[in-house]
There are 2 protein chains.
Amino acid sequence: MNEARRPTIKDVAQHAGVSVGTVSHVLNETINVSAELRQRVEAATRALGYEQNMLAHALRRQRAPVVGLSMPHVASAYLAALIDLFEDIAAGRGYQVMQVLTRRDPEIELRRVRELLRHRVAGLLLVPTLDPRRTLDLIHESRTPAVLVDRPADDPRFDQVTFDNRRVMHQLATELIRLGHRRILFVVQSQMLIISRQRIEALRAAAAQIRRPVKIAILEIGDDAASYADRLLQVMQRPAHPTAVIVSNSTIAALTLSALQTMAGAYPDRISLVSFEEPEWAELISPRLSVIRQPIRDIARQAWQLLLRRMQGDPIPVEHLELHATVMLRESVRKPPPRGRDAGP
Amino acid sequence: MNEARRPTIKDVAQHAGVSVGTVSHVLNETINVSAELRQRVEAATRALGYEQNMLAHALRRQRAPVVGLSMPHVASAYLAALIDLFEDIAAGRGYQVMQVLTRRDPEIELRRVRELLRHRVAGLLLVPTLDPRRTLDLIHESRTPAVLVDRPADDPRFDQVTFDNRRVMHQLATELIRLGHRRILFVVQSQMLIISRQRIEALRAAAAQIRRPVKIAILEIGDDAASYADRLLQVMQRPAHPTAVIVSNSTIAALTLSALQTMAGAYPDRISLVSFEEPEWAELISPRLSVIRQPIRDIARQAWQLLLRRMQGDPIPVEHLELHATVMLRESVRKPPPRGRDAGP
DNA sequence: TTGAAAGCGGTACCAG
DNA sequence: CTGGTACCGCTTTCAA
């Protein structure tokens, strides 16, 4: 039973009447091969349907043309977009993406990244968990190039690309306050996240900056998403309810929108809404949803750029990039109703 | 400059005072090794911080413990969930996931899958494009086990796991008609998709099944998502507007919901809504959104099961599984207003 | 410029 | 059950 074995570089060499070294060189463009031989080799690869074995290639080269991508999950529009961009860039550069999910658990992160390292990935793109220390130690020990993305871990051993959470929240809050909002509600998934903490901090700082008192309320969704709408409405139906709501991601935005729309006349007239993540439908609904536009394309590009330089062995110093996010105020944000009128019709 | 080289299996063998063969056997549990030697080996791997080189492993074994995952994109909740499930199952079985995105383009699909094949993935999970023929030929030629997921390609050479689009749409339509709906609007992204065609077909079939005339309208979003809300409202404001709207995915559901809610008193009293994809917020909004619950967990599990069997070389005949989706009618669906009243105030 | 040959780090066969 | 060793397919040095 002579099953058509996959052709190897030897078969190609034989077919083309050259040595395997020559074939390898035309395959990888390692050195200049005469036009004639190159043609013969290319003809042979086509004739035989030869496909380079990247395992052997990588074993010999001591690294696979593969980057590992580690992130908490894929459910958010933001992370999905990140995957999309990374995949696209990688494909263009001849790299494959090996992806693992940490499910926000540092232990899982450690185990999964270890697997990636076993596969001798050339580099690592990491959206770290809350406590990535052991994982980072492991990576550092293995001398594998890595770039931290989105969640700041502030490790001096690794490049990092994030965006200015604090700054953009400060900007947003300042803008809302300028419009006249004095009671602002910020809805977060979890207060534990570094990102949430940074944003809350910036929100409070912005509020403290003006003379008039601005009240900041935080609503944490936590594990009980089902009761969120009720909890929100409860808050919004109080006499001195918030006049502006900031939500931290697209899912919460959808829920909030739906809840607010059940309160006749409330949204967007009496209550403004801004989302920190940009849902794909933000500009498609009416009134158009105000959002923070995260520089996600730039984050992906820069992260890749840094990683590429490390993979090429550039001895550049560690960089911590912080990109700018943009406040996009649209019709979902208005001036609050005149003071004193909030309480009743 | 003697940079601490990564320890190899030889180092471990030497450190443990055994042969490399023995080390390999305890690593892979290939044969039974005496407890004492196993302990010595394990101690040595720990002492040296040894990490098995999967490239060498895979090269020798002629296949990497890696499955390739090819899908059109990652933007939909459905596909994201699939990735999530596959990653989880794979991790549990000691496999890594190498992921490529086809962006709905058969050419890209072909190129990207070819890359996967070069990496000698042990198996392939494929959410195919509209025309995957050349890709499937390539895969078949390479004798790589593969399972088609979600989009039916009906290729007799490959296992396939889908769900019964036609059946569930038929069921849904029948139910809506039973409730009294006589004008149903189905909103799709593109009529080109096999899935869309199947659903439309089933919808029409269900409508044709009863004596009373049922009007079916199709609204295609196409590339111009921005104008969708307007187009929808235009349809819904006609005198004999549809009383039930079925949308084909979560994004469209969000848009539709938002648009309908701008028509005072329309939703859900005069207009019912059902989504073919289940957004995470479906049960969190009020009224709760009716959805088709796709058996996504089962799809992932079954696809993996089939793939695993093929990867183990089981000579089972090709299977085409069609799993059942479930109609989940909730408060977003009501009886339509009494006949004759639609047109008036 | 081209060819020969030595490994990359494992696995698995074979002999003991 | 254990150890020695050929070899997986490719890259790369070295000599011609």
Side-chain angles (χ1 to χ4, degrees), chain A residues 3-42 44-45 48-66 94 115 117-122 142, chain B residues 3-42 44-45 48-66 94 115 117-122 142:
Chain A
E3 295 236 334
R5 194 179 46 84
R6 271 203 177 100
T8 74
I9 198 172
K10 271 186 196 163
D11 301 319
V12 177
Q14 199 165 8
H15 191 102
V18 299
S19 78
V20 293
T22 305
V23 177
S24 176
H25 285 135
V26 340
L27 250 45
N28 305 299
E29 303 180 324
T30 323
I31 63 171
N32 261 2
V33 176
S34 68
E36 194 222 322
L37 282 200
R38 187 208 318 291
Q39 297 228 331
R40 293 228 307 268
V41 169
E42 281 164 358
T45 65
L48 270 46
Y50 170 71
E51 296 288 353
Q52 192 175 17
N53 183 329
M54 299 315 284
L55 294 173
H57 173 98
L59 174 61
R60 188 56 236 243
R61 284 250 180 116
Q62 298 280 48
R63 57 181 32 196
V66 173
E115 298 286 335
L117 259 17
R118 283 207 234 273
H119 282 265
R120 301 300 190 260
V121 294
S142 78
Chain B
E3 294 236 334
R5 195 179 44 85
R6 271 202 176 100
T8 75
I9 196 171
K10 272 185 195 161
D11 301 320
V12 176
Q14 198 166 8
H15 190 103
V18 298
S19 77
V20 294
T22 305
V23 177
S24 176
H25 285 134
V26 339
L27 249 45
N28 305 298
E29 302 180 326
T30 324
I31 65 173
N32 259 1
V33 177
S34 69
E36 195 223 323
L37 282 202
R38 186 207 318 294
Q39 297 228 331
R40 294 230 306 268
V41 169
E42 282 164 358
T45 64
L48 270 46
Y50 170 71
E51 297 288 351
Q52 193 176 16
N53 184 330
M54 299 313 286
L55 294 173
H57 172 98
L59 174 60
R60 189 57 236 243
R61 290 262 255 243
Q62 297 280 48
R63 57 185 29 197
V66 172
E115 298 285 335
L117 259 16
R118 283 207 235 273
H119 283 265
R120 301 301 190 259
V121 294
S142 78

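Convention: sequence-line order gives letters A, B, ...; per-chain numbering from 1.
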Picking from [options], which would you name as closest to the side chain of [X]?
| X | options | result |
| --- | --- | --- |
| A:Val20 | C:dA5, D:dG3, C:dC8 | C:dA5 |
| B:Ile9 | C:dG10, D:dC10, C:dG3 | C:dG10 |
| B:His25 | C:dA12, D:dT12, C:dA4 | C:dA12 |
| A:Gln62 | C:dG9, C:dA12, D:dC10 | C:dG9 |

Expressed in angstrom and rounded to an integer, what is the separation of [X] atom [atom1] from [N] atom [atom2]?
| X | N | atom1 | atom2 | value |
| --- | --- | --- | --- | --- |
| A:Leu55 | D:dT11 | CG | C1' | 15 Å |
| B:Asn53 | C:dG9 | CG | P | 7 Å |
| A:Met54 | C:dC8 | CE | C1' | 15 Å |
| A:Lys10 | D:dC8 | NZ | P | 6 Å |
| A:Arg40 | C:dT1 | CZ | C1' | 13 Å |
| B:Glu29 | C:dG10 | CD | C1' | 17 Å |
| A:Tyr50 | D:dC10 | OH | P | 3 Å |
| A:Arg118 | C:dC8 | CZ | P | 21 Å |

Minimum heavy-atom distance between [X] and [Y], given as atom pair plus value:
| X | Y | result |
| --- | --- | --- |
| B:Pro65 | B:His57 | CD-CD2, 4.5 Å |
| A:Leu55 | B:Ala58 | CD1-CB, 3.7 Å |
| B:Arg6 | B:Asp11 | O-OD2, 4.2 Å |

Is [X] near enough to [N] that one of its side-chain N or O atoms lies under 4.0 angstrom from OP1 or OP2?
| X | N | answer |
| --- | --- | --- |
| B:Ser34 | D:dT2 | yes |
| B:Thr8 | C:dG9 | no |
| B:Arg61 | C:dA12 | yes |
| B:Ser24 | C:dG10 | no |
| B:Asn28 | C:dT11 | yes |

With heavy atoms under 4.0 Å as the rule, sort A:Leu27 into base, sugar-phosphate or nothing.
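Touches nothing.
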A:Ile31 near the nucleic acid: base, sugar-phosphate alone, or nothing, with a heavy-atom cut-off under 4.0 Å?
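Base, at least one base heavy atom under 4.0 Å.
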Distance-only, no hydrogens or angles: does the A:Arg118 side chain make a donor-acceptor pair with backbone N or O of B:Glu51 under 3.5 Å?
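The answer is no, because no donor-acceptor pair under 3.5 Å joins these two groups.
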Taking the side chain from A:His25 and the backbone from A:Gly21, do they hold a donor-acceptor pair closer than 3.5 Å?
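Between the backbone of A:Gly21 and the side chain of A:His25 there is a qualifying donor-acceptor contact (under 3.5 Å).
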So do B:Val66 and A:His119 actually touch side chain to side chain, heavy atoms under 4.5 Å?
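They are in contact (side-chain heavy atoms under 4.5 Å apart), so the answer is yes.
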Which sits closer to the 5' end of DNA chain D, B:Val18 or B:Ala56, going by the nucleotide each is nearest to?
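Per heavy-atom nearest nucleotide, the more 5' residue is B:Val18.
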Side-chain donor/acceptor contact of B:Arg60 with base of D:dC7 under 3.5 Å:
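Such a pair exists between side chain and base.
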